[in-house]
Amino acid sequence: MKRFLTLLFSIMTLSLYAGNESDKIALAIQNSNTTELSNMFNTSIELVTPGSSGVTNRDQARIVLENFFKKHVPVNKCCS
């Protein structure tokens, strides 16, 4: 029973953490906040955009995303 409760607690903790991170990512994308978004990247990231693709470091990825968001401004398509 103790193992089950430990496993259940671990799964719930991971779910809450993942939920918060995905909300932060979505908000950063909606606001074209490349600095906040790149802070969530690992030291290297594979990034594919219409203008470029490949493995880059965090700072290069931020620049690629800045250029992407200049050409493709996020649009809120949420319904009320």
Side-chain angles (χ1 to χ4, degrees):
M1 184 68 168
K2 185 177 179 180
R3 291 180 117 186
F4 173 74
L5 290 175
T6 303
L7 178 63
L8 181 61
F9 178 74
S10 298
I11 291 172
M12 289 174 53
T13 302
L14 288 173
S15 296
L16 289 173
Y17 178 76
N20 289 339
E21 289 300 308
S22 63
D23 290 343
K24 287 181 184 179
I25 292 168
L27 188 59
I29 291 172
Q30 288 174 355
N31 296 324
S32 301
N33 188 340
T34 58
T35 301
E36 182 69 27
L37 197 55
S38 65
N39 286 337
M40 296 180 223
F41 295 162
N42 205 348
T43 54
S44 64
I45 181 171
E46 182 175 3
L47 185 63
V48 178
T49 65
S52 68
S53 66
V55 177
T56 63
N57 66 38
R58 184 180 310 177
D59 293 329
Q60 290 171 328
R62 182 182 50 77
I63 292 168
V64 169
L65 286 175
E66 284 175 358
N67 291 331
F68 175 81
F69 284 130
K70 284 178 185 174
K71 295 176 185 173
H72 304 88
V73 178
V75 177
N76 186 359
K77 291 188 176 184
C78 181
C79 303
S80 48

> Quick one: pull up CE in Met40 and OG1 in Thr35 and give me the separation to the nearest 0.5 Å.
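With rounding to 0.5 Å, CE (Met40) is 11.0 Å from OG1 (Thr35).
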> May I have the list of side-chain donor-acceptor pairs in residues 51-62 shorter than 3.5 Å, sequence neighbours left out?
residue	atom	partner	partner atom	Å
Ser52	OG	Thr49	OG1	3.4
Asn57	OD1	Asp59	N	3.0
Asn57	OD1	Gln60	N	2.8
Arg58	NH2	Phe41	O	3.2
Gln60	OE1	Asn57	N	3.2
Arg62	NH1	Glu66	OE2	2.8

> Which distance, rounded to the nearest 0.5 Å, do you find between the CD1 of Ile63 and the OG1 of Thr34?
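Here the interatomic distance stands at 9.0 Å.
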> Applying a strict under-4.5 Å side-chain criterion to I, L, V, M, F, W and Y, I'd like to know whether Leu65 and Leu27 cluster together.
no
> Determine which pairs satisfy ring pair (Phe, Tyr, Trp, His ring centres under 6.0 Å) with at least one residue from residues 45-73, sequence neighbours left out, and list them in order.
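Output for this query lists Phe68-His72.
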